[in-house]
Amino acid sequence: MKKISLELGSGGKSMRDFIARTIVPAFKNPMLAELLDASHLPGRIAFTTDSYVVDPIFFPGGDIGKLAVNGTVNDLVVSGAVPQYISLGLILEEGLEWNALEKILRSLKAAASRARVEIVAGDTKVVKQGQGDKIYINTSGIGKVIAKPRPKLIRPGDKLILTGTLGEHSLAILTARGDFGLEARVQSDCAPLTFLLPFWKNGVLWMRDITRGGLATILSELTEKIPYPLLIEEDEIPLSKAVQAASELLGIDPLYLACEGRAVLVVPGEKTHDVLARIKKNPLGRKAAIIGQVEGKIGRPGELLLRTSAGGLRLLEPLSSELLPRIC
Amino acid sequence: MARTNEFRDKKVIGALLARIAENKRSLPSPCRIMEVCGTHTMTVHRYGLQSMLEKAGIEMVSGPGCPVCITPGEVHEAAIRLVTENENVILATFGDMTRVPTHLGSLQNAVPAKGSAVKIVYSPEESLDLARQKRNKEIIFFGVGFETTIPSIAVMAKAAAGEELSNYSILSALWLIPPPLRAILESGEVKLSGFLYPGHVSAIIGQEPYAFVAREFGFPGVIAGFEPGDILLGIISILDQIREGRPRVANEYTRVVRPEGNPVAQALMREVLEPKDACWRGLGVIPGSGLKFKAEYSAYDAEVKHDLRITARGIDLPGCRCGEVLRGILPPSRCPLFAKKCTPESPCGPCMVSFEGACLVHYKYRGPKS
């Protein structure tokens with residue numbers, strides 16, 4: 001008998017296939033079928049929803065509450081919308097400590113204030129002990145559309161800007177879980193990306209927050225939408241020392257690690273340096289870098305290429321199977 | 001961010017490649033080098049060295065250096081039977097072992113008997129902890145490995161014996177690297193110019209076990225590390241050996257490998273284990289190529305304890321050609337199943353499962369079509 005496997009939630013190829021073949025056909029709605037981070041509705045409204053099942057619920061640099069606000073806020077930002085209102089669905093497990101819940105509520109409030117969104121609707125359910133794991137959160141978000149991502153205008157020579165270092169969120173979760181006996185002083189990068197909103201007015205053609213599946217998966221998805229290959233330079237990708245060391249040690253590729261406060265942008269070639277300089281002025285964009293470009297000379301349409309630190313070229317595939325379950 | 005590592009720096013790599021191309025020009029073509037170790041295969045492809053080396057006139061061939069891959073299907077099936085046919089057995093093993101397809105499916109899809117389970121562990125030590133904690137379960141560690149991993153598995157048997165743990169045993173598939181090299185050279189199926197010997201295995205066994213390759217077969221070889229620069233330095237050494245007509249066991253990984261290897265680990269292996277003729281997937285039975293527990297440790301040998309009687313033939317599932325890949329006679333991309341029916345999501349053989357399996361590495365890190 002066919003059963004649901006963890007792989008279907010990985011953010012990788014298996015999950016995309018699952019959504020495209022099983023979920024989308026069940027509803028046959030063109031707005032849903034676009035598979036954007038947020039759907040653009042009539043009346044310049046963007047709408048999105050996301051559920052949070054992160055384990056553990058508290059981790060260095062954040063908790064499930066902060067994540068639940070920022071994740072939904074970021075989906076709106078990268079869809080070209082100013083986040084405005086958020087709903088909050090709580091599924092609590094019998095036996096969850098009261099203090100933990102209060103701490104999470106405070107954290108939800110703080111994250112909402114920082115991202116300038118209001119929590120305006122909510123729901124609470126409690127399930128028996130063992131039928132859930134402490135707390136799951138669903139947030140839906142509404143935003144005002146200020147721009148539409150324009151992947152069709154992307155041309156060779158356009159640059160890819162990454163707003164910061166990769167993989168801290170994944171590593172913070174791993175450390176908090178004590179998996180692999182790993183000890184690292186690393187904080188999740190969980191943060192709102194609202195500081196990127198003004199760049200929609202500066203000619204940015206496309207942006208995505210880098211969540212499950214990591215940079216490689218997200219850029220692979222972009223190659224499906226444009227008739228040109230993308231090339232990224234391994235040496236240009238900002239990595240913290242902790243992520244670098246842990247990746248070497250565990251044989252994990254940081255290109256597939258999740259973040260919760262980083263984005264990748266496609267910027268027309270001539271505007272790149274101006275946009276980069278302004279992103280770097282924000283504390284959340286200090287480590288931003290030009291990591292590659294839309295290619296006109298090498299590669300074929302649909303390909304995501306990596307120039308390795310040794311100078312070789314290879315293809316990057318989307319994440320295929322589950323790396324780390326329940327990281328968000 | 002620039003990685004300050006000279007072993008993978010573009011300029012250093014470029015210079016080494018130029019030297020390889022120059023040295024190669026003076027040699028009769030072709031130059032085909034087998035990277036014996038799966039981790040070498042990973043470096044070659046992960047850094048995109050394959051195509052750069054081809055331009056320099058060097059063809060890299062992947063060898064039998066993936067323990068998950070060369071373990072015959074019958075051993076994987078024995079593990080599946082242990083957990084499906086016996087109650088209260090916990091079969092502990094490394095993650096990729098659970099996904100190897102066999103006639104009985106895989107450990108991942110197996111339906112364990114009542115009270116039994118498959119548990120993924122990250123180190124042999126974890127399996128021993130399980131045995132200490134769950135005295136009412138039989139813990140069987142399914143351990144595979146080359147000389148690098150074998151000492152850590154041998155230690156488990158010793159510790160279990162010391163603690164008189166009666167609920168612990170090891171289903172082992174322990175492989176030695178030098179014997180298959182002889183088998184490959186004797187068969188002459190693949191025309192090679194030299195071997196890159198695995199750095200980690202060599203750190204345990206030292207240089208001497210490879211000496212027969214140069215002495216009996218007049219064949220070059222070099223112990224190499226796992227950075228791109230290490231591999232290229234190794235290739236330069238092989239080209240030098242060919243040009244000078246002086247085949248030997250060179251060591252380009254002196255920062256880790258001592259000529260005598262690691263005597264402590266060697267002594268431990270000798271204390272607990274003894275050689276046996278073993279059947280490899282694709283290569284068949286190779287004399288003295290495996291290790292088994294000595295009689296005094298048989299209480300911890302799952303084959304003895306559970307009377308398994310494994311008759312391995314080392315043949316692939318229908319359609320799968322992992323055996324030929326492991327012998328170096330079939331490049332993964334020429335297998336008709338590669339990237340079509342056989343992918344990391346639905347692997348048809350172990351070489352597409354193991355993280356150092358040649359097919360998975362060739363798939364994951366393939367270069368752009370030229």
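We name chains A, B, ... by the order of the sequence lines, and we start the count at 1 in each one.
- Between the OG1 atom in Thr308(A) and the NZ atom in Lys10(B) there is a gap of 7.5 Å [rounded to 0.5 Å].
- Around the CZ atom of Arg132(B), the shell of radius 6.0 Å holds more than 12 heavy atoms that belong to other residues, nucleotides or ligands.
- For Arg46(B) against Arg314(A), the heavy-atom pair with the smallest separation is O-NE, 2.5 Å.
- Of the residues Leu231(A), Leu305(A), Ile298(A), Leu306(A), the one that meets the side-chain contact (heavy atoms from CB on, under 4.5 Å) test with Pro368(B) is Leu305(A).
- Between the OG1 atom in Thr343(B) and the NZ atom in Lys13(A) there is a gap of 6.0 Å [rounded to 0.5 Å].
- From Tyr47(B), atom OH reaches atom CD of Glu234(A) across 6.0 Å, with rounding to the nearest 0.5 Å.
- Taking a 6.0 Å sphere around NZ of Lys225(A), one finds it holds more than 12 heavy atoms contributed by other residues, nucleotides or ligands.
- A 6.0 Å sphere centred on NZ of Lys119(B) holds no more than 12 heavy atoms belonging to other residues, nucleotides or ligands.
- With a 4.5 angstrom heavy-atom cutoff, Lys11(B) does not touch chain A via any of its atoms.
- Heavy-atom neighbours of Arg177(A) CZ from other residues, nucleotides or ligands within 6.0 Å: above the threshold of 12.
- When the shell of 6.0 Å around CZ of Arg255(B) is examined, it contains more than 12 heavy atoms from other residues, nucleotides or ligands.
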